[in-house]
Amino acid sequence: MDVSGKRAFDLLKSLAYVRVSGTPEEKQAAQVLLNVVKKDGVEGYIDTFPVHAGKVHRARLTVTAPYVKEYECTGFIRGESTPEGGLETELVYVEGATPVNLARVEGKVALINGRLNYKLYEKLMGAKVAGIISYSGTVIDRESETDIDILKLRETWTEPFGFTVAVNVRAKSAMDMVKKKASRVRIEVESERFDVESRNVRAVIPGTQYPDEVIDIGGHYDSVMFSTGVYDNMAGTVIVLELMHYFAAHPPKRTLRFHCFGSEEQGLLGSKAFCAAHEEEVKKTRLMVNIDIGGSVLGSEKAIVTGSEALTHYVEGILDEAGLAVEVSRDIYSSDSIPFADRGVPGINLLRAGAPGAAFIHDRRDNLKNGFLSAEGLESTARVALEIVRRVANAGNMPVKREIPDDIREKVDKYLFRKK
Ligand SMILES: [Zn+2]
């Protein structure tokens, strides 16, 4: 018995629907994944955790001077509601968060280039903006073929910097406003904040010889809105379960814990919740193997080692010996290996990176109907993952040191917005 791309692809097909954090669809997918675990006779659990969320009941954006025009927009989830009659004020195009631009946004609405992020939010809130307009997509998008992303003010932003009014528009709309020198806007948002429940699915195969030495193997199964998240990342999830199938039939010397993480797309919330709720258990973790994106027909295998040079060379050695063509590098990877690295656990991030123009993430194009995923693509990464995990799990002496070198530590701290 071996890993099977076909079986993985069949499971992926049955879960190829939008699975946003905290929705009934995410919950349903978790149950399907747990059933797969149970069917193999493996010990499995669903762990729930709260996620700050909300709903935007209404969002409207109107330029009121020097012309009047309404632009289609979406309100940021967890954004502030506007007062009765809306928020009407001056509009400033903030090309970059330079001191000159920031000095003139107080009490005004800032139109930014592209997406909002932590750094920009910190600066705009520090400059006392009254509201933010971001955009997504490209200036040549066709409305019939694209969605306006529904974004969220993340708790990592709002906890330190507070809340504001925020809407998102199409890139084309942003360009139109700048071309026509829009100088005043009215924003009307009715938004509600509440918590929802998200879920991690976890399976454990105890080690036959070294049960207290643990390898965590994970992939996230949630998606963003409008995306069925098959490439990102039901592909990784089904590969994680392929490994579970294999080790259920071939008991490993070390304990293997398999994770399907929820809410990764909201800021690694599932893996953060697992690590926070199982601090003592994670102290036993020697290695984390994370799989995020995979299955593309045109693509290439990559391994990003969040750990030492020694671990990187070890991974290269395993793959060379097995004759598996994988590009190995050493860095952090924006995914569920981060909370483990934060606790001193080295990680190996595996992915089948889509070739240029041959794979899509985070919008409606990440969909099976576009035909860019295959069973062979899934099996390719599953073989790489199996080879690495099999070697480490069954080694006579643990070949991986539980250590994070300083340069990686610094990158993790920066990623988690820690200030020195
Ligand atoms: Zn992902």
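Residue numbers start at 1 and run along the sequence shown.
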Nearest 0.5 angstrom please: [X] [atom1] to [Y] [atom2], how far?
X	Y	atom1	atom2	value
Glu281	Lys283	CD	NZ	11.0 Å
Asp222	Cys260	CG	SG	11.0 Å
Asn117	Glu122	CG	CD	10.0 Å
Tyr210	Ile215	OH	CD1	12.5 Å
Glu143	Glu72	CD	CD	6.0 Å
Ile112	Ser134	CD1	OG	5.0 Å

Open item on the list: We want to know whether Asp363 and Thr146 form a side-chain donor-acceptor pair, criterion being a heavy-atom distance below 3.5 angstrom.
Closed with: no

- [ ] Consider only side-chain N and O atoms of Thr158 and Arg78, and report whether a donor and an acceptor are under 3.5 Å apart.
- [x] yes

Task: Aromatic Phe226 / basic Arg364 pairing, under 6.0 angstrom, 45° off normal - done: no

Open item on the list: If the test is salt bridge (Lys or Arg N to Asp or Glu O under 4.0 Å), which one of Asp407, Asp413, Asp406 qualifies with Arg409?
Closed with: Asp413

Salt-bridge test for [X] and [Y]: reply yes if a basic N is under 4.0 Å from a carboxylate O, no otherwise.
X	Y	answer
Arg170	Asp149	no
Glu80	Arg193	yes
Lys108	Glu106	no
Arg383	Glu387	no
Glu159	Arg154	no

Open item on the list: Minimum heavy-atom separation for His259 and Arg257, please, with both atom names.
Closed with: CD2-O, 3.7 Å

TODO: Return the minimal non-hydrogen interatomic distance between Gly357 and Phe360, and the atom names on each side.
DONE: O-CZ, 3.7 Å

Task: Evaluation steps, side chain to side chain contact (heavy atoms under 4.5 Å, CB included), between Asp292 and Glu264 - done: CA-CA 10 Å; Asp292 195 355; Glu264 188 267 356; 3.5 Å; yes

Open item on the list: Between Val392 and Tyr314, does the side chain to side chain contact (heavy atoms under 4.5 Å, CB included) criterion hold? Intermediate values first, please.
Closed with: CA-CA 10 Å; Val392 179; Tyr314 174 64; 3.8 Å; yes

Task: Ring centers of Phe372, Tyr231 separated by less than 6.0 Å - done: yes

TODO: Flag the pair Phe49 / Phe274 as yes when their ring centroid distance falls below 6.0 Å, and as no otherwise.
DONE: no

Task: Pairwise side-chain contact, Glu403 with Ser308, heavy-atom cut-off 4.5 Å (strictly under) - done: yes

Task: Val36 side chain near His245 side chain, heavy-atom distance below 4.5 Å - done: yes

- [ ] Check the pair Leu124 / Leu116 against side chain to side chain contact (heavy atoms under 4.5 Å, CB included), numbers first and verdict last.
- [x] CA-CA 10 Å; Leu124 292 170; Leu116 191 54; 4.3 Å; yes

